[in-house]
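Worksheet: one structure, shown below.
We count ligands from 1, going down the list as the structure has it; atoms in each ligand are counted the same way.
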Amino acid sequence: MANNDFQAREVDAGKPTSARLYHYYLTGEPVYRSDQLFADRVYEELPFLHTWAVHNRAFLARAVRFMVSRGVRQFLDIGSGLPTGGNTHEIARAIVPDTRVVYVDKDLDAVARAHQLLRAENSLDITAIIEGDLLEPDRILEHPEARRLLDFAQPIGLLIVSVLPFIPDDSNPHRVVAALRDRLPTGSYFASTHVSLDDADDQTKQQIAAAAALYQATADPVQLRDRNAFTRFFDGFTVHEPPGVTYATDWLPEAPVDVGDPARPCNFAAVGQKVCPLASTEVEAEPKSAP
Ligand SMILES: C[S@@+](CC[C@H](N)C(=O)[O-])C[C@H]1O[C@@H](n2cnc3c(N)ncnc32)[C@H](O)[C@@H]1O
């Protein structure tokens with residue numbers, strides 16, 4: 001499939017998607033009016049959502065800079081979202097201008113806008129956007145654009161940031177991440193975040209649960225996971241310590257962390273590295289756990 005040969009699917013503007021809602025939380029700009037109406041209901045349940053999204057995005061930027069500082073020159077950003085300030089290629093290229101980036105998203109607006117941006121800035125020679133699904137890792141890795149831009153003999157920075165909550169246990173996301181990990185070259189890095197309520201106070205727990213319940217009506221229902229379930233995504237990776245598995249705000253922060261920030265404990269984050277070749281690891285089916 002050529003870079004601009006998107007699948008002929010229709011956008012359902014009336015049914016919000018995680019990409020469009022997140023874009024609204026970050027920027028205040030709705031893609032469709034229905035997104036704004038829906039997001040405003042979510043805000044009523046979870047007033048610090050904008051702050052939460054900003055923290056998540058800031059973690060992504062720090063993780064990219066960290067990986068570039070460790071020699072990564074190519075990124076695979078799955079669930080990249082609608083482009084907004086601080087896209088992976090912009091962050092990486094501020095340090096190493098010819099860093100290659102392959103974006104993947106299943107959201108048609110995200111794909112279309114990313115393609116528009118990359119074409120406008122004339123960077124499609126070293127950047128690509130693939131319409132793809134995390135649940136089909138082989139299709140992503142075999143995509144002509146991934147084959148064109150990613151050198152599987154060199155470390156790759158794999159980003160799956162705030163995407164796994166949209167993959168239900170039924171789809172076995174741990175197995176999906178393990179399949180990607182097994183195909184990554186040794187030395188590659190993996191960064192991820194996951195909304196969490198483990199460490200939130202009771203009021204915040206209720207707010208997150210209420211917001212997650214609202215997402216059942218979207219194209220991307222939310223699956224909450226605890227710290228253990230999040231940490232298991234890093235099986236086969238060596239988690240970078242310090243800080244290990246922590247909150248997005250606390251992952252190698254570049255400014256003092258506000259410990260009283262209610263959004264702080266609600267997003268687990270980590271970066272790991274595949275330090276040695278692995279025999280394909282059998283990942284067990286998802287344990288049944290309460291959300
Ligand atoms: C909350 S946004 C995160 C965007 C970006 N990664 C960030 O952290 O700033 C979640 C993104 O994951 C995408 N997504 C959800 N499920 C996906 C799947 N199965 N395959 C690919 N993308 C997916 C959504 O379309 C959306 O763009």
Side-chain angles (χ1 to χ4, degrees), residues 6-7 9 11-12 15-27 31 35 38-39 42 46 49-64 75-91 101-115 117 129-141 143 146 157-177 179-180 190-196 208 211-212 215 218-224 233 248-249 251 263 266-271:
F6 304 130
Q7 286 180 6
R9 286 198 286 129
V11 170
D12 183 350
K15 190 164 197 168
T17 65
S18 61
R20 292 171 1 216
L21 292 170
Y22 179 72
H23 186 72
Y24 180 67
Y25 306 145
L26 271 180
T27 66
V31 178
D35 301 337
F38 187 89
V42 186
L46 202 55
L49 209 38
H50 168 71
T51 311
W52 183 97
V54 168
H55 289 328
N56 184 69
R57 195 77 184 167
F59 162 79
L60 185 146
R62 295 197 303 280
V64 168
F75 287 87
L76 177 59
D77 184 349
I78 303 180
S80 43
L82 278 88
T84 182
N87 300 302
T88 296
H89 72 289
E90 295 158 351
I91 297 158
V101 177
V102 175
Y103 292 111
V104 180
D105 209 291
K106 66 167 192 169
D107 185 283
L108 297 183
D109 289 287
V111 172
R113 287 198 181 193
H115 189 258
L117 171 76
I129 171 72
I130 296 172
E131 182 196 337
D133 194 320
L134 173 61
L135 295 178
E136 299 179 318
D138 289 343
R139 191 172 160 265
I140 292 171
L141 296 173
H143 192 285
L158 173 64
L159 309 172
I160 308 180
V161 179
S162 194
V163 184
L164 294 166
F166 305 110
I167 311 294
D169 282 347
D170 288 355
S171 298
N172 210 335
H174 291 91
R175 187 168 289 173
V176 171
V177 172
L180 283 163
F190 168 49
S192 193
T193 62
H194 203 299
V195 62
S196 62
I208 293 176
Y215 263 73
T218 72
D220 300 308
V222 168
Q223 162 101 51
L224 297 169
F233 286 115
T249 46
W251 196 88
C266 304
N267 200 14
F268 286 131
V271 172

Nearest-neighbour protein heavy atom for atom 8 (O) of ligand 1, which is reported as residue plus atom name and distance: N56 ND2, 2.9 Å

At less than 4.0 angstrom from any non-hydrogen atom of R57, what atoms of ligand 1 do you find? 5 (C), 7 (C), 9 (O)

Measure the distance from atom 11 (C) of ligand 1 to every protein heavy atom, then report the residue, atom name and distance (to 0.1 Å) of the closest one. G79 O, 3.5 Å

Considering non-hydrogen atoms of the protein only, which is the closest contact for atom 14 (N) of ligand 1, and what is the distance? V163 CG1, 3.7 Å

Partner of H174 by side chain to side chain contact (heavy atoms under 4.5 Å, CB included), out of V176, N172, V177: N172

Tell me the protein heavy atom at minimum distance from atom 3 (C) of ligand 1, and give that distance in Å. V161 O, 3.5 Å

Close approach, I167 and ligand 1, non-hydrogen under 4.0 angstrom: yes

for atom 20 (N) of ligand 1, nearest protein heavy atom and its distance come out as L134 N, 2.8 Å

Which of the atoms of ligand 1 are close to D107, meaning less than 4.0 Å from one of its heavy atoms? 25 (O)

Just do the side chain to side chain donor-acceptor pair (under 3.5 Å) check on N56 and Y22 with the steps written out, would you? CA-CA 10 Å; N56 184 69; Y22 179 72; 2.9 Å; yes

Report yes or no: does a heavy atom of S80 sit under 4.0 Å from some atom of ligand 1? yes

Supply the atom-to-atom distance E131 CD to H115 NE2, rounded to the nearest 0.5 angstrom. 12.0 Å

Of all the non-hydrogen atoms in the protein, which one sits nearest to atom 7 (C) of ligand 1, and at what distance? Y22 OH, 3.4 Å

Pair K106 + D133: basic N to acidic O under 4.0 Å: no

What protein heavy atom lies closest to atom 27 (O) of ligand 1? Include the residue and the distance to one decimal. D105 OD2, 2.6 Å

Give the ring-plane orientation class for Y25 versus Y215, where under 30° counts as parallel, over 60° as perpendicular and anything between as tilted. tilted

Below 4.0 angstrom from a heavy atom of A19, which ligand 1 atoms are there? Numbered from 1 as shown, please. 25 (O), 26 (C), 27 (O)

Please report which non-hydrogen protein atom sits nearest to atom 10 (C) of ligand 1, along with the residue it belongs to and the distance in Å to one decimal place. S162 O, 3.3 Å

So, 4.0 Å and heavy atoms of G132: is ligand 1 close enough to count as a contact? yes

When rounded to the nearest 0.5 angstrom, what distance separates CD1 in I129 from OH in Y103? 8.5 Å

Assert yes or no for the condition that the ring centre distance of H89 to F75 is strictly below 6.0 Å. no

Between K106, H23, E131, R20, flag the one that comes closest to atom 23 (C) of ligand 1 by a heavy atom. K106

Side chains of C266 and I208, heavy atoms from C-beta outward: is any pair under 4.5 Å? yes

Under 4.0 Å from any heavy atom of G81, which atoms of ligand 1 are there? 27 (O)

May I have the step-by-step check of side-chain contact (heavy atoms from CB on, under 4.5 Å) for L117 and E90, ending in yes or no? CA-CA 11 Å; L117 171 76; E90 295 158 351; 4.2 Å; yes

Looking only at side-chain N and O atoms, does T17 offer a donor or acceptor that is under 3.5 Å from a partner on D220? no

